[in-house]
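Notes follow once the structure below has been shown.
Along the sequence shown, residues are numbered consecutively beginning with 1. Ligands are counted one by one from 1 in listed order, and the atoms in each one are counted from 1 as well.
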Amino acid sequence: MQLELPYSFLNSLQTVKGFDRNNFIEAHTLNKPVTSIRLNPAKLKNAKDDSFLASLLDEKVPWSKYGYYLKGRPSFTLDPWFHAGAYYVQEASSMFLEQALEQCLPKNIPLRILDLCAAPGGKSTHIQSVISPESLLVSNEVIKPRVNILTENITKWGACNVVVTNNDPKDFNRLPHFFDCIVVDAPCSGSGLFRKDPDAVTGWSLQAVNHCSQRQQRILADVMGALKPGGILIYSTCSYSYEENELISDWICESGEFTGMPVNPSQLNGIIETKSNLSKSPGYRFYPDKLKGEGFYISVFKKKGEANLLHEFKIKNKPELVSKSAQQILAAYFTHKNYFNFLKWQDDILAIPAPLFNAVLYLQQNLYIKKAGINMGQLIRDQLIPSHDLVLSKAMAPVLPLVKVNEQTALDFLRKKEIHIEASHKGWSILQYKGLPLGIIKILQGRINNYYPAAWRILNK
Ligand code: SAM
């Protein structure tokens, strides 16, 4: 398809570093967007193990341990492992976040990280794969309907050190100096994704760029107080516009509170390093005519001051814990029996890693939490009604019987259809496809109940 880029757009980029008008236009008319995936190292060690993807695998994404290009774009919906959280389909340029995290975050200490603009969860699932299990990720999305897809993707990823919240950036003022790192993947004018979404071209205007730039400043101003002194701010967009990128870097540094940080240039591979006009802060630009990926910009900043490693916070309300006997029943569901504290949450039980427990309680008293740790399901008369969240979690012990199914039955299950399997046992069981759990079923006399979450079921034929 011929993609017509407006003159006003092309002209606005004329003085931007790395913009090469003819090659840029050619990349938007001739080249197809690239398809790439990022593995979930907790579930899939080797991309070739996914038989659905194996024949499509191409080279590795140079700046991510977990990223692979594909030779084509399959219907991921038809790969049961996609629904099991084995990988995430993600645009390759944005995987450079991994370099920023690896190079700029302190090592060997547990961190608290906020992904402020997180839906649908590309950056959050990536951050989770990079940080240590003792670190806590708060994955926030302000727009309510978008929190559902974020929660779905985080649940499938299967980690227990993530809290999903649905808050406005200014709500994070209630958590002064709480985070070691804040990632702001800001809403933007979206020009970097024109090749993937040609309809977005018509919505582009200089006015929209300026509007986005103002909004980006507001979002950053709202959240900066939640970052510790000495903490790391990572800012990114999928826009090419100077006003949304280097100008924002200058705005961040204007107060004197932040300094820009470089991300090792030896790994550039066609990435353009820029410097903002005033503060000379480094930023990294991705152009589709220079590398295999779409448009992207990322920059890293350090907040001045020394981090207070013993930063304390006050928990006002006593948590509603479960009884000692219930704790024993619940702990049996995990490989590491003493790793979790159990919290009542409406009718459900949350399993929260003990080292993160106080931080989660603090978040609970200040934010609107959509998901925290592992929602295990309901405990009724000492019997757990296990949840989808629990069986997709990597922390679960092998305590429920497995039912191994073929691709057709796996897809029927994911469509929430009735499924037929020969089983010699009754009761709660995990439906497994090629070694990865897909969800939970209950085997009864003469029928099988399918507990796949209705909202997540595959809708196509
Ligand atoms: N980080 C996500 C990922 O990698 O999957 C993509 C985030 S997208 C670029 C920007 C997000 O910011 C959207 O989910 C959007 O709903 C959210 N957003 C929109 N307006 C916002 C605002 N005023 N404050 C904070 N977030 C906002």
Side-chain angles (χ1 to χ4, degrees), residues 36-38 40 61 63-64 66-67 76 85 87-101 113-131 137-157 162 164-173 179 181-194 196-197 200 203-204 208-227 233-241 244-245 248 286 293-299 367-368 370:
S36 44
I37 56 156
R38 183 171 40 73
N40 180 351
V61 175
W63 43 84
S64 169
Y66 310 118
F76 293 106
Y87 60 93
Y88 191 94
V89 182
Q90 188 182 28
E91 194 288 299
S93 302
S94 59
M95 295 183 201
F96 192 73
L97 171 67
E98 187 174 316
Q99 293 300 323
L101 296 167
I113 302 189
L114 168 64
D115 182 10
L116 182 69
C117 311
K123 307 283 181 311
S124 278
T125 51
H126 200 174
I127 296 167
Q128 196 286 323
S129 298
V130 173
I131 61 177
L137 170 64
V138 177
S139 179
N140 178 70
E141 169 59 42
V142 64
I143 297 183
K144 215 179 191 125
R146 288 175 61 78
V147 190
N148 294 333
I149 181 70
L150 175 62
T151 307
E152 177 178 340
N153 285 329
I154 296 291
T155 302
K156 287 177 175 169
W157 210 245
V162 186
V164 178
T165 57
N166 174 210
N167 281 85
D168 189 278
K170 67 174 172 341
D171 297 343
F172 288 88
N173 278 320
F179 293 102
C181 172
I182 298 183
V183 176
V184 178
D185 186 33
C188 69
S189 61
S191 47
L193 299 182
F194 280 170
K196 282 184 177 266
D197 180 14
W204 189 92
V209 167
N210 288 326
H211 170 78
C212 287
S213 179
Q214 296 291 320
R215 180 167 62 178
Q216 287 147 0
Q217 292 168 33
R218 264 199 320 274
I219 291 173
L220 286 161
D222 280 343
V223 84
M224 276 174 179
L227 186 63
L233 172 67
I234 302 180
Y235 174 78
S236 61
T237 72
C238 56
S239 160
Y240 298 108
S241 296
E244 298 182 73
N245 297 327
I248 298 292
F286 294 68
E294 304 308 306
F296 184 62
Y297 174 85
I298 188 164
S299 49
L367 300 173
Y368 179 71
K370 184 77 183 165

### Query
So, is the end of the K144 side chain (NZ or CZ) under 6.0 Å from the ring centre of Y368 and within 45° of the ring's axis?
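Relative to the ring axis of Y368, which defines the angle, K144 lies inside both limits.
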### Task
For this output row, return yes or no: ring centroids of W157 and Y87 closer than 6.0 angstrom.
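W157 vs Y87: aromatic centres not under 6.0 Å.
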For [atom], the protein heavy atom that lies nearest, with its residue and separation:
| atom | value |
| --- | --- |
| atom 20 (N) of ligand 1 | P187 CG, 3.7 Å |
| atom 10 (C) of ligand 1 | D185 O, 3.5 Å |
| atom 27 (C) of ligand 1 | V142 CG1, 3.5 Å |
| atom 14 (O) of ligand 1 | E141 OE1, 2.6 Å |
| atom 12 (O) of ligand 1 | C117 CB, 3.3 Å |
| atom 23 (N) of ligand 1 | I219 CD1, 3.8 Å |
| atom 2 (C) of ligand 1 | A119 O, 3.3 Å |

Relative to ligand 1, is [X] under 4.0 angstrom through side chain, backbone, both or neither, heavy atoms considered?
| X | value |
| --- | --- |
| A118 | backbone |
| R146 | side chain |
| S94 | neither |

Establish, from distance only, whether the side-chain atoms of [X] and [Y] form a donor-acceptor pair under 3.5 Å.
| X | Y | value |
| --- | --- | --- |
| T237 | N245 | yes |
| D115 | S139 | no |
| E244 | Y297 | no |

Sub-3.5 Å donor-acceptor pair from the side chain of [X] to the main-chain atoms of [Y], do we have one?
| X | Y | answer |
| --- | --- | --- |
| N166 | E141 | yes |
| S94 | Q90 | no |
| S213 | V209 | no |

N/O of [X] under 3.5 Å from N/O of ligand 1, yes or no?
| X | value |
| --- | --- |
| I143 | no |
| A186 | no |
| K123 | yes |

### Query
Counting only heavy atoms not in F76, do more than 12 sit closer than 6.0 Å to its CZ atom?
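Yes - once you tally the heavy atoms of other residues, nucleotides and ligands closer than 6.0 Å, there are more than 12.
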### From the candidates G122, G190, C238, the one that places a heavy atom nearest atom 5 (O) of ligand 1
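The option holding the nearest heavy atom is G122.
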### Query
Counting from 1, what ligand 1 atoms have a heavy atom of P120 closer than 4.0 Å?
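Listed by number with element, the hits are 5 (O).
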### From CA spacing to verdict: ring pair (Phe, Tyr, Trp, His ring centres under 6.0 Å), W63, F286
CA-CA 12 Å; W63 43 84; F286 294 68; 5.6 Å; yes
